[in-house]
Amino acid sequence: MSGINLEHISQHFGEQIALDDVSLTVKEGEFFSLLGPSGCGKSTLLNIIGGFLEPTKGVVYIGDQDVTTLPPYQRKTGMVFQSYALFPHLTVFDNVAYGLKVQKKKKAEIKQKVMESLSLVQLESFAKRMPHQLSGGQQQRVAIARALAIQPAVLLLDEPLSNLDAKLRKNMQTELRNIQRNVGITTILVTHDQEEALSLSDRIGILGEGKIQQIGTPLEVYRQPNNRFVAEFIGQVNLFEAEYDEVTSTYTVPHFIQSNGKQVQLKVAAFKEKSEKHLLMLRPERIKLSSVGEEVQPNHVTGVLADVSYIGHSLRLVVGLNQGEIIVHASDAAFPELPQVGETVHIHWQPEDIVFLDSKVHA
Ligand code: ATP
């Protein structure tokens, strides 16, 4: 087992800069996810760590060793790809044994390690089956067992669950986390699925436009995003470009006008520099619906429902103002009947729920 250290990694493809000076450290035994939109450079970075691509600039350390120019098989990494890439003509046993045979291990050792790996993914009894006799989830577990059989120092996972249907994917996420905990192996998961990254990871690195936008625990990146990019990429968000108002000690939002003609005013729990313009964030699930006539000042806004979507466990409400709209996520349990578009609604939130963002794109 080893940690990973990336120092100033850049990757150019001709004119295009896929990665721009990326540095990060993954601790030994950590489950780390690289999260970002399509084309942000996630797979490129994973391929550089795995040795499938040599970076234009920068250094890759696995443990204390500089592996930047080493081929994949000398790096002690196990990789699982999106398309499980099992050998169709080999049994489950022989698929898992493949890396060990390449390493010319003895027959008895191969058998022991293959069965250990299959036991980790609970497929010991499937050793003699062919890949086509397995479900998608089972095939993916074989791919994980194959990567683990060579006892790599690091497990690299490139969107390994994206071919699975929603329910199986959830089950596999839990299994993956359990396997990783049992083995204690340093793991990097590439995903564009924010829920997957939030639920599995010790820490997440959010990539955007070839740069690391933020690194933090799931709670940190969700509750305190560094910037607009991270806030908008993880979960849904209401963003306000606001100005400090000395008279009311609140932030006013010029682009959000209520039906009485007044700008929306935001009371915050802790001030930044009062004179500047700021980008403020409010998560939709922090907003509560108020009863008519309820005195909740000053983070109180009245609007008209412009859209209602039912998502099962919650409702997504779009509250339209004279200018601007605010998204609210409310629990299903709060509504015996669905509210209707066109209804007047009163909403409020706590000053602590307003979060300051850095308005720059990059951290
Ligand atoms: P996805 O989630 O869609 O897989 P990604 O975040 O993994 O995206 P990469 O595959 O790392 O993105 O690609 C990053 C950028 O580099 C993209 O714009 C891609 O087109 C470009 N790129 C990747 N590989 C090459 C290559 N071999 N030659 C030229 N450009 C490439």
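Remember, it's 1-based here, ligands and their atoms both numbered in the order they're listed.
Looking at Glu196 and Arg177, no side-chain N of the basic residue comes within less than 4.0 Å of a carboxylate O on the acidic one, giving no salt bridge.
Inclusion of His192 in the set of residues having an N or O under 3.5 Å from an N or O of ligand 1 is not warranted. In terms of polar-atom proximity, Gly41 is counted as a contact of ligand 1, with an N or O under 3.5 Å from an N or O of the ligand. In terms of N/O distances under 3.5 Å, ligand 1 is approached by Gly39.
Transitive grouping of hydrophobic side chains (ILVMFWY, heavy atoms separated by less than 4.5 Å) brings Phe356 and Trp349 into a common cluster. Ile327 and Tyr310 fall into different hydrophobic clusters, where Ile, Leu, Val, Met, Phe, Trp and Tyr side chains are chained together by heavy-atom contacts under 4.5 Å. Cluster membership check: Val96 does not share its hydrophobic cluster with Phe87, using side-chain heavy-atom separations under 4.5 Å among Ile, Leu, Val, Met, Phe, Trp and Tyr.
Side-chain atoms of Gln213 and Asn226 include no donor-acceptor pair closer than 3.5 Å. Judged purely by distance below 3.5 Å, without hydrogens or angles, the side chains of Ser162 and Gln82 pair a donor atom with an acceptor atom.
Those atoms of ligand 1 with a heavy atom of Glu159 less than 4.0 angstrom away are 2 (O). Taking a cut-off of under 4.0 Å to the non-hydrogen atoms of Pro37, the atoms of ligand 1 that pass are 6 (O). Near Ala18, meaning under 4.0 Å from one of its heavy atoms, ligand 1 places the atoms 15 (C), 16 (O).
Regarding atom 3 (O) of ligand 1, its nearest protein heavy-atom neighbour is Ser38 OG, 2.6 Å. Atom 27 (N) of ligand 1 has Phe13 CE2, 3.6 Å as its closest protein atom, hydrogens excluded (heavy atom only). Scanning the protein for heavy atoms near atom 20 (O) of ligand 1, the closest one is Gln16 OE1, 4.2 Å. Scanning the protein heavy atoms around atom 4 (O) of ligand 1, the nearest turns out to be Ser43 OG, 3.9 Å. Nearest non-hydrogen protein atom to atom 2 (O) of ligand 1 is Lys42 NZ, 2.8 Å. Distance from atom 11 (O) of ligand 1 to its nearest protein heavy atom, with residue and atom name: Thr44 OG1, 2.5 Å.
Contacts with ligand 1 closer than 4.0 Å are made by no heavy atom of Gln11, backbone or side chain.
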Next item on the list: I would like to know whether Gln258 and Asn322 meet side-chain hydrogen bond (donor to acceptor under 3.5 Å, both in side chains); could you show each step before the answer?
Entry: CA-CA 5 Å; Gln258 301 189 68; Asn322 261 15; over 6 Å; no

Item checked: Worked verdict on Leu315 versus Ile311 for side-chain contact (heavy atoms from CB on, under 4.5 Å) -> CA-CA 6 Å; Leu315 274 72; Ile311 326 174; over 6 Å; no

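Using a 4.0 angstrom heavy-atom cutoff, Gly36 does not count as in contact with ligand 1.
Under the 6.0 Å cut-off for aromatic ring centres, Phe240 and Tyr251 do not qualify, their centroids lying 6.0 Å or more apart.
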